[in-house]
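Notes follow once the structure below has been shown.
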Amino acid sequence: MGIAFIDLQAQRARISDKVDAAIARVLEHGRFIMGPEVTEFEEKMSAFSGARLSCGCGNGTDALALPLMAWGLRPGDAVFCPSFTFTATAEVVPWLGASPVFVDIEPDTYNMDPVSLEAAIEDTIKNGELRPKAVIAVDLFGQPANYPAIKALCDKHGLKLISDSAQGFGCTIDGKHPIEWADVVTTSFFPAKPLGCYGDGGAIQTNDQEMWDLLDSLRVHGKASQADMDAANYSGHEAKYLNPRIGMNSRLDTMQAAILLEKLAIFADEIALREKVARSYNSALEGSVAQVPFVKEGYQSVWAQYTIEVENRAEVQKKLGAQGIPTAVYYPIPMHEQAPYRRFPTAPDGLPVTEEKKHTVMSLPMHPYLDEETQGVIVEGVKAAV
Ligand SMILES: *Cc1c(COP(=O)(O)O)cnc(C)c1O
């Protein structure tokens with residue numbers, strides 16, 4: 001058997017009895033849509049990451065779109081985001097007719113560069129064509145973005161801050177989760193993410209009850225909230241048939257919430273295991289490859305990916321592939337170079353770091369259950385290939 005890039009079966013072997021029982025309970029009670037496990041998971045997820053409230057939804061992409069809808073983003077609004085990210089980060093902005101403005105990354109963490117962000121905000125204001133409204137920072141590969149610096153810029157310019165923590169749920173800076181700085185934190189439960197379910201799923205976190213009510217309405221076709229019901233004097237009818245706003249259908253399935261409850265119970269332990277795997281990769285590969293991952297002092301990555309830099313990447317990947325060692329490139333074509341996004345603005349000095357890193361980054365197999373022997377094979381393979 002070849003080496004797995006992400007071994008989901010190893011995790012399944014650890015908790016399959018619990019997951020199977022959780023699924024059986026849902027089949028028994030039959031409340032497949034917004035069943036009790038959804039609320040229970042939302043509460044446990046909040047407790048885990050220090051947010052007051054969590055709102056499950058259909059996937060990590062809708063989790064980004066829903067707050068933009070709640071804030072009423074519209075044509076002419078600018079949302080600043082990195083270009084070196086998964087498509088979904090920028091994709092949701094044009095859904096609302098608004099424009100992403102692409103910002104460069106730091107060369108060591110690959111996360112949004114606050115200097116480039118500030119230049120992009122000031123340039124947008126000077127230009128006068130777009131209204132700066134929000135920033136979407138990404139916790140790329142699991143490491144938190146520089147929230148203290150980014151939040152200071154958001155406060156200075158009156159911008160909302162979304163933490164796209166699809167790869168970073170559980171990450172911290174000095175023990176604090178991104179909700180300490182962000183207006184909302186979004187995540188994805190796509191199976192390969194650090195906290196994944198067995199299908200699609202996502203969530204939004206906020207400390208603001210009014211915002212939660214709005215998100216809860218928008219995820220169910222703009223159904224009436226309790227406040228809407230009171231205001232409309234509409235008692236006697238079901239809230240979902242009173243629709244004071246246009247929403248969408250984006251709920252976290254009960255079945256997925258039940259699975260996630262079992263996975264969340266071992267998630268802290270899995271983060272520690274990922275950290276251990278990353279450290280032993282680092283000490284084995286440091287000096288042999290162009291760059292091993294750099295994590296800032298006080299920052300805890302959840303290691304969605306273990307990403308190194310190499311020269312002659314294509315050749316290295318080919319050699320490793322021939323030995324049954326899988327690798328991946330995140331991301332070969334940054335967003336601002338993808339056809340539908342080329343018309344949107346970038347930071348005034350361009351994105352030189354993004355354009356450099358797209359050629360050198362390469363991710364190695366990473367998951368909590370990567371054993372020492374397999375890791376040794378990967379390390380030796382990489383050393384020989386470079
Ligand atoms: C995976 C991912 C998303 C989207 O999540 P889905 O659940 O697949 O919709 C958004 N942003 C980032 C950074 C991601 O890695």
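First listed ligand is number 1; within each ligand, the first listed atom is number 1. Because the structure is a prediction, the values reported are computed rather than measured. Excluded from the calculations below are hydrogen atoms, water molecules and symmetry mates; all remaining heavy atoms, backbone and side chain alike, are included.
- Each of the atoms 13 (C) of ligand 1 lies under 4.0 Å from some heavy atom of V138.
- Heavy atoms of D200 stay at 4.0 angstrom or farther from ligand 1.
- Using a cutoff of 4.0 Å between basic side-chain nitrogens and carboxylate oxygens, E380 and K319 are not scored as salt-bridged.
- With salt bridges taken as basic N to acidic carboxylate O contacts below 4.0 Å, one links D228 and R245.
- Remark: of the listed residues Q205, H177, K44, Q205 is the sole one forming a side chain to side chain donor-acceptor pair (under 3.5 Å) with S49.
- Within ligand 1, the atoms closer than 4.0 Å to a non-hydrogen atom of S188 are 5 (O), 6 (P), 7 (O), numbered from 1 in the order shown.
- A side-chain N or O of Q226 and one of D230 form a donor-acceptor pair less than 3.5 Å apart.
- Between F344 and P100 the shortest heavy-atom distance is CB-O, 3.3 Å.
- Of all the atoms in ligand 1, the ones that sit under 4.0 Å from a non-hydrogen atom of T85 are 13 (C).
- Closest protein heavy atom to atom 9 (O) of ligand 1: T61 OG1, 2.5 Å.
- The protein atom (non-hydrogen) at minimum distance from atom 11 (N) of ligand 1 is D164 OD2, 2.8 Å.
- Residue G60 approaches ligand 1 through these ligand atoms, each under 4.0 Å from one of its heavy atoms: 4 (C), 5 (O), 6 (P), 7 (O), 9 (O).
- Classification of R52 and E43 as a salt-bridged pair fails, no side-chain N sitting under 4.0 Å from a carboxylate O.
- Contact annotation for N59 and ligand 1: heavy atoms of both the backbone and the side chain come within less than 4.0 Å of the ligand.
- Atom 14 (C) of ligand 1 has as its closest protein heavy atom K193 NZ, 3.0 Å.
- Scanning G142, A63, A88 for the heavy atom closest to atom 10 (C) of ligand 1 points to A88.
- Every atom of ligand 1 with a heavy atom of A166 under 4.0 Å away is listed here by number and element: 2 (C), 3 (C), 10 (C), 11 (N), 12 (C), 14 (C), 15 (O).
- Between the Q375 side chain and the S280 main chain, no donor and acceptor come within less than 3.5 Å of each other.
- Using a 4.0 Å cut-off to heavy atoms of Q167, the atoms of ligand 1 that qualify are 13 (C), 15 (O).
- Under a cut-off of 6.0 angstrom, the local environment of CZ in R131 is crowded, with over 12 non-hydrogen atoms contributed by other residues, nucleotides or ligands.
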